[in-house]
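Comments concern the structure below.
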Amino acid sequence: MRWRFDAVSAAWALALLVLLVLLATVGAGLGWTRSFVGDVLAVVWVHCLLATVAWMRPPMRPLLALAVGLVVEAVQYVSQQTGWQVASPVLRIVLGSTPDALDVLAYLIGFLLALLLEHRHVGAPAA
């Protein structure tokens, strides 16, 4: 791994963040489509954040982005089983509160998109 700043990846991360915020607010009436697409894009967003600051051998960034999604899902499951709740309503929206197999499917699709980005050399190491 090498630390760096990649402006292209940062621009993608910012654009995806705006899209995710729009989905969470304006797209709130879209039901499961909003959350599914949001979960797909969340993995790609984490990948772009990682690509902004670190070069890693493929496929490490997509795998780490997938791992973040799976950890969030695992925390949702544990919190549901234990009755624990996140106090902040904003964090509940961002992190979600209900574990779902469709979320894992969305994370896997996001992982595949992140792999495609890696293959197309988005965030390649600086020469």
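In what follows, every heavy atom counts, from backbone to side chain, and hydrogens, waters and symmetry copies are set aside. From a predicted model like this one, the values you see are computed outputs, not experimental measurements.
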Between [X] and [Y], which heavy-atom pair has the shortest distance, and what is it?
| X | Y | result |
| --- | --- | --- |
| Val40 | Ala106 | CG2-O, 3.4 Å |
| Cys48 | Leu117 | SG-CD1, 4.4 Å |
| Pro59 | Pro62 | O-CD, 3.2 Å |
| Ala13 | Leu49 | CB-CD2, 3.9 Å |

* **Neighbour count >12 (heavy atoms, 6.0 Å) for atom CD, Gln85** => no

* Asked: Looking at residues at least two apart in the chain, or sitting in another chain, which of them share a side-chain hydrogen bond (donor to acceptor under 3.5 Å, both in side chains) with Glu73?
  ->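 Scan of Glu73 (side-chain hydrogen bond (donor to acceptor under 3.5 Å, both in side chains), adjacent residues dropped) gives Tyr107.
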
* Asked: Which ILVMFWY residues can you reach from Val18 by hopping between side chains whose heavy atoms are under 4.5 Å apart?
  -> Leu22, Val26

Can you list the residues that meet the side-chain contact (heavy atoms from CB on, under 4.5 Å) rule with [X], with sequence neighbours excluded?
| X | answer |
| --- | --- |
| Ala65 | Val43, Val46, His47 |
| Ala10 | Phe5, Thr52 |
| Leu112 | Leu115 |

* Can you list every pair that meets side chain to side chain donor-acceptor pair (under 3.5 Å) and has a residue in residues 18-46, with sequence neighbours left out? ->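 Matches after skipping sequence neighbours: none remain.
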
* Which pairs count as side chain to side chain donor-acceptor pair (under 3.5 Å) when at least one residue sits in residues 86-105, sequence neighbours excluded? -> none

* How about Phe36 and Ile109: do any of their side-chain heavy atoms sit closer than 4.5 Å? ->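 Of all side-chain heavy-atom pairs linking Ile109 with Phe36, at least one is under 4.5 Å.
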
* Answer with yes or no whether the hydrophobic clustering places Leu102 together with Leu41; edges join I, L, V, M, F, W, Y residues whose side-chain heavy atoms lie under 4.5 Å apart. => yes

* To the nearest 0.5 Å, tell me how far Arg61 CZ sits from Phe111 CZ. => 13.0 Å

* Asked: Within the distance-only criterion (no hydrogens, no angle test), does the side chain of Glu118 pair as donor or acceptor with the backbone N or O of Met60 below 3.5 angstrom?
  -> no

